[in-house]
Amino acid sequence: MTTRASSPAPHIRSEASAGAGPFPDLPVELRPNRGLLTYYTLSSLLLGPAFIFMLVPMYFRYRTMRYEVDAEGITMQWGILFRRQISLTYTRIQDIHLSSNFVERWLGLGRIQVQTASGSASAEMTIEGLPHPDAVRDFLYSRMRGARDPDRSTAPARPHPIGDPAMTELTRTLRDVAAEIRALREALPTTRAGSPDA
């Protein structure tokens, strides 16, 4: 009897794959999901009759937005008249936050806010419009950790220090030091500075 292995979901790939994450091959250029345009439209309608003033720039932002992901970092660019580009290497990334409101969750979207050590309170880059934001966040987080510790991905995992002979010796030494301090404390006179004996 033969069994057929079920294939993983398209956005989840094993660590053994080339890109190890939502991107099977690097470098890759991505465009935002059409759901982002729907989100921009719904957000604009909240302004009432003035919705067109928000919808037009958001439409051009959606049409020109590109993400480029490679082995070194991620680049985001958008704009027609004034082209804007933000490039971050994985080593510069300090923190990653994922947020999504009710409408974004309904559309299968989320915003990934990437912060660096620039000292700014706001995110350096906000990645939006990509499907499966959890997988993208996890990919960026693993790359960030790998960039800070390059030996992490290649070196074999170290054994846990508990049970290691050096750790056992250190523990024994610290216990001896603690016992000596306790004995010294008991040997000192118990008079206080404000007592009549002092």
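For this chain, numbers begin at 1 and follow the sequence in order. What you see is a predicted model, and the numbers here were worked out from it, not measured in a lab.
Dense packing is recorded around CZ of R105, with more than 12 heavy atoms of other residues, nucleotides or ligands lying under 6.0 Å away. Heavy-atom contacts from other residues, nucleotides or ligands closer than 6.0 Å to CD of E104 number more than 12. By the neighbour-count criterion of 12 heavy atoms within 6.0 Å, atom CZ of R83 is densely surrounded, having more than that number from other residues, nucleotides or ligands.
From M76, atom CE reaches atom CD1 of I86 across 6.0 Å, with rounding to the nearest 0.5 Å. In this structure, the separation between CG on L37 and OG1 on T41 is 4.5 Å, given to the nearest 0.5 Å. One distance of note links CD of E186 with CZ of R182; it measures 7.5 Å at 0.5 Å rounding. The line from OG1 of T75 to CD of Q85 is 5.5 Å long, rounded to the nearest 0.5 Å. Note that the CD1 atom of I93 and the OG1 atom of T116 stand 9.0 Å from one another [nearest 0.5 Å]. A distance of 9.5 Å separates CD in E72 from CZ in R143, rounded to the nearest 0.5 Å.
Inspection of the N33 and Y39 side chains reveals no N or O donor paired with an N or O acceptor under 3.5 Å. Defined by atom type and a distance below 3.5 Å, a donor-acceptor pair is present between the side-chain atoms of D95 and H97. Using a 3.5 Å distance cut-off with no hydrogens or angles, the side chains of R61 and Y40 do pair a donor with an acceptor.
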Take E128 and L109, measure what side-chain contact (heavy atoms from CB on, under 4.5 Å) needs, and give me the verdict at the end. CA-CA 7 Å; E128 55 185 347; L109 302 174; over 6 Å; no
Does L47 form a side-chain contact (heavy atoms from CB on, under 4.5 Å) with I52? I'd like the steps, not just the answer. CA-CA 9 Å; L47 293 177; I52 196 71; over 6 Å; no
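Side-chain contact check for Y67 versus V28: every heavy-atom pair is 4.5 Å or farther apart. The shortest side-chain heavy-atom distance between N101 and R111 falls under the 4.5 Å cut-off. You'll find the side chain of Q113 stays beyond 4.5 Å of the side chain of I96, heavy atoms only. The closest side-chain heavy-atom distance from R31 to M65 is not below 4.5 Å. Between T126 and I112 there is no side-chain heavy-atom pair separated by less than 4.5 Å. Side-chain atoms of V114 and E124, non-hydrogen and from C-beta on, never get closer than 4.5 Å to each other. Taking the side chain as every heavy atom from C-beta outward, M125 and Q115 never approach each other to under 4.5 Å. The shortest distance between side-chain heavy atoms of Y90 and L140 falls below 4.5 Å.
Hydrophobic clustering (ILVMFWY, side-chain heavy atoms < 4.5 Å, transitive): L184 and L174 are in distinct clusters. If you chain together hydrophobic residues whose side chains sit under 4.5 Å apart, W78 and I80 fall into the same group. Placement of L46 and Y59 in two distinct hydrophobic clusters is found when ILVMFWY residues are connected by side-chain heavy-atom separations under 4.5 Å, directly or transitively. Taking hydrophobic clusters as Ile, Leu, Val, Met, Phe, Trp and Tyr residues chained together by side-chain heavy-atom distances below 4.5 Å, F60 shares a cluster with F53.
Under the rule for a salt bridge (Lys or Arg N to Asp or Glu O under 4.0 Å), the partners of R172 that lie at least two apart in sequence or sit in another chain are E169.
Closest approach of L30 to V69, counting heavy atoms only: CD1-CG2, 4.2 Å. Closest of all the heavy-atom pairs between P133 and G108 is CD-O, 4.0 Å.
Of the possible polar contacts, none joining the S100 side chain to the G110 backbone as a donor-acceptor pair under 3.5 Å is found.
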